[in-house]
Each structure stands twice: as C-alpha cells, then as structure tokens.
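Here the structure is laid out as structure tokens; the discussion comes afterwards.
To find a chain, count down the sequence lines: A is the first, B the second, and so on, and within it residues start at 1.
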Amino acid sequence: MDVSSILDPLNSAQRAAVCHSNGHALVLAGAGSGKTRVLVHRIAWLIQAENVSPFSILAVTFTNKAAAEMRGRIESLLGIPASGMWVGTFHGIAHRLLRAHWQEAELPQNFQILDSDDQQRTLKRLIREMGLDDSQWPAKEAQWYINARKDEGLRAGQVKLYPGQKNDAHLLQMIEIYKYYEALCQQAGMVDFAEMLLRAKDLWQKRPDVLQHYRGRFQNILVDEFQDTNSIQYDWIKILAGDSGRVFAVGDDDQSIYGWRGAKIENIHQYTKDFTPSETYRLEQNYRSTGNILNAANGLIANNTDRLGKELWTEDSEGELIQVYSAFNEIDEANYIVDNIQQRLNEGYRRSECAILYRSNAQSRVLEESLIATGMPYRVYGGLRFFDRQEIRDVLAYLRIMTNRNDAPAFERIINTPTRGIGNKTLEVVRTTAREQNMTLWQATLSVIENKVLPARAIGALQAFVDLINEHAELIANVSLSEKIEHVVHHSGLEAYYEKEKGERGRARIENMQELVQAGVNFEAEDWQQEDENMDELSAFLSHAALEAGEGQADEWDDCVQLMTLHSAKGLEFKQVYICGVEEGLFPHRLSAEDPVRLEEERRLCYVGMTRAMENLTLSYAEKRRIYGEDSYPTPSRFLKEIPQDCLHQVRVTGFAKQASGYAGDATSSYSETPQDENGLNISLGQRVLHPSFGEGMVMNYEGEGRHARVQINFEEVGSKWLVMEYANLSLA
DNA sequence: CTTGCAACACTTTTT
DNA sequence: GTGTTGCAAG
C-alpha cells in the first residue's frame, strides 16, 4: 500500500504521532501545529497502512464544526466517503447511542432533547410548583447547579455533603430541586445535554452486554481537544476503551479555556496515568504565526505554573512587532482598530482576514458603531444562533407538540403564542389539574375542557387550541418534512402574528421561518437515516435542531471583518488580529483576577487569542472606558507586562509618554495644542483636508492634543469620521 | 389579556 | 447602557 500521500505532507513529529503503533498515544499539539491534520492523517494511516476497518474507528470532537471539518478532510484524503466510522461530537455520539439503546438506557423511545432554554423554562416552572419563590431561587442558578453536578457525573442522590454543608439550607434546597427535576425529566422522557452524556456513561455501566458490543467494535478511539473533556466524557472514553481499545488523544493544556463549564485540564495529566503504557508526542513547530507573535505568546504563557511544557517555534521570519495601542477611550480604541483595518485593506488584505477579538460580548457594540460609521461590512460571531431564534423555536414547538402531545416545554411555549386568549389564570388551572391528577399538560387541558371548570370563554379558547393542533397534525401526517414545516408556518398563526410585528424585525422573522422550510428541504436531501436509523424524519430533524444550533444555516460569510469573543476564536486563524480591551478588570476579567487558578485560565485565553494571528497582532487598551454607563479608568493588563517587551511596539509612546504623568485622559481637560500629525501638520476647525482613502473633507471638531488628537472630518464621499491625527495621514486640500 | 414603566443585573458558551 | 423581568394599570 502506498502511504506516501499520508506521510509526505507531515513533519517528523507529526509523522511519528500518525504512525504510532501500539497502545495509547497522547499528542500535545500546540496552537497552529497541525493538530487536525494529525488526527485526519492518523485515521487515514489506520485504514490504509494498518488495514484497520473504518467500523472500528470512533473520532470525537466538541463542536459540530470540528466534526464536520474532520469528516470532510478524511474523505478528501482517502478519496472515499468516511462511511462506517463514527465521527461526531460527544453529544451527537451519546445521542446516537441512546436512540439505538433507548430501552437499555431506560428511556422512552420517543425521548425529547431538552436544550438549555427548555431546561431553564422547565426548571422555572418546577421551582414554582415546588412552592418556592422563584426570585429567591432563580432557574438560572438551579440550571447551573444541576448541570455542574451532572458534568461531575453526580445524580441528585449522589451529591456528597461535606460536614460543614449539612446545614447549608441553600445547598440542600438546590439538591432538592435537582431531585424533583430529575424525576420530572424521567417521567416526561426529557433528556438535557448533560444528561445525554451521563446516560451514555450509565449505559456502559448498567449494561455490560451493550458495552461489550461497542468495546469489540471501537478498537480505535480518537479524541480531539482532550483538554476540554469533563469528568463524564473522560470516564465514558475510559470505560469504552477497556483493556483493548487504543485511545489517541490530542490536546493542548495551554489552550484549556473552558474550566468554568466543567472541563478538566487535569484529565490530560490523568490520561498519562490511566492509559499506560502510552507514548507522548509533542508538536511544537508552528505553521501559522510569525516569530514575534510566537515569542510573545510563549513569553506570556510561561507565567503559568503546572504546564506540561511546550514551546512553539517557527521557520517563518520574525515578522512585524506586535502593536500596542493605548487608546484615549473605548471609542478611540474602536476607531483606531477600524482605521488600521482600513489601511490593511488598502494594502490588499481582505476584510475576512481581519478579526477583532474581545473578552466579553458587551465590547462589540462600540466596535460595531465604528464599523458602521466607516461603512465597513462585518460579522459578529456567537450571537443568537439560527435554531435558537424565537420564531424558529415557536415553529419547532408546534411540530413537537404535533409529534408528541405530551411535550411540556413545547406546550408551554405555544399555548398562547400567537395570543389566543389563554392567559395565566386559565393556564394555572390547567397546571394545577395536571399536577393534582398526575397528568400531562395536554391531558389536563382535555380534562379541563370536559369538566368545564372554567368560564365558557376560556374553555372555548382551550378547545380552539386543541382543535388547531389535532387538525393540523392530521393534515401534515403524510407529507414531506419541508411541507410539514411550511404548513405549520402558514397555519399556526405564527406567520400572521409576526407579520404584525413592525419594522425590520418582523420581516426578518418571516424570512427566518422561510429559511427553516429550506433547512427542512436540505435535511431531506441529507442521508440522516444513516445516523439515526431509529427515528422518523421529523424526529430526526427535531433532534438535529437541538444538537446543531445551526451555525452556518443562515448567512454564509461575504467578505466581512470578523468580530468575536476570545473564546469563540479558538480553532480559528486570521492574518490580522486585534485584541481589544487588554485592561485589568476586563482582561483578566475582574471576576477571575483574584483566584490564581482562574487567572491562569485567563492567561491561556490571552495565549489562545494571540496565537490566532498569522501576520500581525495588535493589542489595545483604553485609559478611560464607559462600562455599564459608568466611567472607569482601568490600568493596562498585567498580561502586557508579561509579554517580552522586545516583541512589542508601543504605538502611542511618542508624544504621549512625554506628558505621561498627566494623562487622566478626560476629554474636558484643557488642550493647548492644536491637532498635529507626524509631519507637524497643524489643523484648525473648518479647514479643508485630504485623506488618502477617504478623499476631501472639512475639519468639524477635535479632541485631544498634538498628534494624539482625534479629529472629526466630514468627508464628501464617505461622510463624517473621527480619525487620529498620528495615523490619519492628512494633507491640506 | 395586553401594555407600559420601573427595578434589576451584568464573563466566557457548546451541546 | 441595554436587555430582561415583574408588577400595576388599562
């Protein structure tokens, strides 16, 4: 067998890992070192060189995107469809197992997936039904608590109390809520995300016959982003592997940034103990970034303790220094970044090659305003995802209740959406009936109608709802998936309801609902049956909607500047990267700065952000920032001091440093100098000036002094803009 | 049942 | 500063 196509594109470290022969292997793959490539080539190697059957391969990732990418790359490398092997997310694979073994997992065949929104609503209702004050016991907190316990592999009855916690009323109440929630989900056949993993693990432990079958099958297990595994995921893999399965784990302890949601970086250490003997491979050659960027990132991360140790290097040149911009305030910061991007575009870069990264979502607003003012197209990642949109969830809820009348979250969602005269009072009666007579909400509704325990008007409204659902459920019974969706959109009243919503928003909602019909058409065309042979098309689609949030469902990127949090940037790369808000309190976030463990995670987050950059990296901070409507005067982040200073270029150091002591940075402080640029050009109000890319305009306003002054210029072509004198490169018109 | 206003709280996020 | 939630009036 000719394996040169598999091995030739690899460096020696990658090749060693790919060809690893016996037993387990741990690959410590630094940022940009070809981690996915190693996984993909490893699979190809197994199949083509070791003659392993694709059926024996299980490859697990964390995100759908990573799974899709892996699958695609395997197929293009092998030149054949990757059929037979299981490639998916932990949740996707757990779901598949539970669908196939619902009986063994002690679930009803038609169990429903409870996504986080459903979960929260369910908890809210449950807390109220328990007679608790839901302002004192917020559903969100309970959700957080329950999921955290499940991530540790603990059911309500297994939570252990330390001696000091025996009288902790709050904690005891949380456990009580957890107990009720657990019972409710079991009774209603609802499975939340964490539960999927927990059930899949229980399945191994409770049913040795099932475990035996999969152990026999999956002799080759590959795990991506191993540093992000939580306790159940780790255990699940460990149990599945047993004595004979080989586990090939790829990860980077320096990129562990999800500790706060249960990921255990220690798993990577634990692995070397549990999976012995195992070989460790280090991928340290970086193919992404310039020398300066890597030196800076290496220097920063060296401040963390307890690392497995790894130093990235590159054959690439040093490249440009990292720019550090000290902004006057957050608006100046945004303008600087946008101006800088504009310059890069003039140099020939594409907008999509530029990314602005920030610690928290709230920071995006100012950036967006600046981008809009400049007329620069951009895309914000990580906003509301397609299947999470209100109107989409509404349509799906109709489909769900038509599939299963006892789907409580769906019932609650649409019972009065669009409004049909069923108010809280009516609903309370239904809920009480359901609780007292141990019925589902749907059954309770029927009972209330039959016994006429409410005024005629309410009874009529309930009857109309029941009829609507029954009637249309029948009408769509024998049509295709997309026709079902379309029918519900038209006849549920949702379309009419959202048409009334004024403005852009209503129209967008209608468009999204049409997009959902299209999603149905696409789904029909996919070979979903291969993965979900145990379900009908609609159920499979509904599961798909819960498991895949639908990123990439809507707008495929045009050429846009990319905005996202540092967290969502993981796994991506951009030629031009701007990290903004590099200030104490924001980054590291004030809620994490005190705790050394969390501080290290912040530092890793910074490391992740920096290593996204291929050619240029700019770090910026503001001397004054409005946060929650209050002015704050943050100090530059400690991370800036931890980066080797010879990697950095302080953009604003000239001029500003000379008057450093007084830089309170308030716009109202006195200004003696008129705006002046690098060449000493002075500018006054009303003057006509020429900008290399914006053309001619008039100086309308300015703030600040000397070369750091920001001037507002009303350009003939592009309208009004704030520019920083030092970079504006203006000349007199 | 809907609408309007005041009080509130507010990292990071995938599935 | 923004978005969400709870309560009271219409």
Side-chain angles (χ1 to χ4, degrees), chain A residues 60-67 88-95 113-120 124 133-135 138-141 143-144 147 150-151 191-198 200 225 228-230 232-233 256-263 330 357-366 369 381-385 387-388 390 415-427 457-458 461 543-551 564-571 581 585-593 595 598 601-602 604-606 608-609 625-632:
Chain A
V60 211
T61 64
F62 277 83
T63 65
N64 290 304
K65 201 172 154 198
T89 62
F90 274 104
H91 291 87
I93 284 165
H95 176 246
I113 299 173
L114 214 57
D115 65 27
S116 21
D117 188 64
D118 286 338
Q119 187 185 32
Q120 202 181 315
K124 184 163 194 165
D133 176 1
D134 63 345
S135 58
K140 230 179 160 166
E141 195 189 332
Q143 180 182 31
W144 174 250
N147 288 340
K150 288 192 178 185
D151 282 345
V191 176
D192 62 49
F193 287 129
E195 183 70 27
M196 269 192 262
L197 301 174
L198 198 45
E225 306 275 21
D228 286 338
T229 51
N230 64 27
I232 332 174
Q233 289 160 338
S256 163
I257 54 174
Y258 287 111
W260 52 274
R261 68 174 198 218
E330 74 277 12
L357 312 181
Y358 36 82
R359 175 67 238 267
S360 69
N361 284 310
Q363 289 171 258
S364 77
R365 213 194 76 247
V366 184
E369 280 168 5
Y381 274 77
L384 205 45
R385 286 178 304 268
F387 287 118
D388 283 339
Q390 184 185 313
I415 179 71
N416 200 32
T417 307
T419 47
R420 51 173 65 88
I422 301 172
N424 241 330
K425 203 143 177 238
T426 308
L427 216 42
R457 204 166 48 138
S543 295
H544 166 84
L547 286 170
E548 293 218 21
E551 191 67 58
M564 66 192 82
T565 62
L566 288 147
H567 281 91
S568 33
K570 192 165 118 180
L586 200 54
F587 193 27
H589 199 278
R590 59 181 172 0
L591 298 175
S592 301
D595 179 351
R598 296 172 70 179
E601 184 155 308
E602 296 276 319
R604 291 193 292 270
L605 187 58
C606 189
V608 166
R625 181 179 297 273
R626 275 190 92 82
I627 197 151
Y628 304 140
E630 300 259 335
D631 284 342
S632 65

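Listed pair Y381(A) / dT14(B) fails the phosphate criterion, with no side-chain N or O lying under 4.0 Å from OP1 or OP2. Between dT2(B) and T419(A), a contact under 4.0 Å exists linking OP1 or OP2 to a side-chain N or O. At the phosphate of dT14(B), OP1 or OP2 sits under 4.0 Å from a side-chain N or O atom of R385(A). Within the 4.0 Å cut-off from OP1 or OP2 of dT14(B), not a single side-chain nitrogen or oxygen of N230(A) is found. Remark: N64(A) is in phosphate contact with dT15(B), judged by side-chain N or O atoms under 4.0 Å from OP1 or OP2. An OP1 or OP2 oxygen of dT11(B) is reached within less than 4.0 angstrom by no side-chain nitrogen or oxygen of T565(A). When the side-chain nitrogen and oxygen atoms of N361(A) are compared with OP1 and OP2 of dT12(B), one or more of them lie within a distance under 4.0 Å.
Judged by closest nucleotide on DNA chain B, N416(A) is the one of Y628(A) and N416(A) placed further toward the 5' end. Looking at which nucleotide of DNA chain B each of T63(A) and T426(A) is closest to, the 5′-most match is held by T426(A).
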*Do E601(A) and R598(A) pass the salt bridge (Lys or Arg N to Asp or Glu O under 4.0 Å) test, and can you show the C-alpha distance, the side-chain angles, and the key distance before you say yes or no?*
CA-CA 5 Å; E601(A) 184 155 308; R598(A) 296 172 70 179; over 6 Å; no

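Stacking is not found between Y258(A) and the pyrimidine-like six-membered ring of the dT14(B) base under the 5.5 Å centre-distance and 30° plane-angle cut-offs. In this structure, the aromatic ring of W260(A) is not positioned over the six-membered ring of the base of dT11(B) within 5.5 Å between centres and 30° between planes.
Checking dT12(B), dT14(B), dT15(B) against every side-chain atom of H567(A), the shortest atom distance belongs to dT12(B). Listed nucleotides: dT11(B), dG1(C), dT15(B). Nearest to the side chain of L547(A): dT15(B).
Partners of R420(A) according to the salt bridge (Lys or Arg N to Asp or Glu O under 4.0 Å) rule, which considers only residues two or more places apart in sequence or in another chain, do not exist here. Every residue meeting the ring pair (Phe, Tyr, Trp, His ring centres under 6.0 Å) condition with H567(A), not counting sequence neighbours, appears here in chain and number order: Y258(A), W260(A).
In this entry the distance linking CZ of R359(A) with P of dT12(B) reads 7 Å, nearest Å. With rounding to whole Å, H544(A) atom NE2 is found 12 Å from dT15(B) atom P.
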Can you check nucleotides 2-5 of chain C for protein contacts, nitrogen or oxygen pairs under 3.5 Å, and list what you find?
none

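With 3.5 Å as the limit, one finds a donor-acceptor pair spanning the side chains of Q119(A) and N147(A).
Within the 3.5 Å criterion, the main-chain N or O of S360(A) finds no donor-acceptor partner in the side chain of T565(A). One N or O on the side chain of N416(A) and one on the backbone of I422(A) form a donor-acceptor pair closer than 3.5 Å.
Applying the 90° criterion around 0 to the glycosidic angle, dT12(B) comes out anti.
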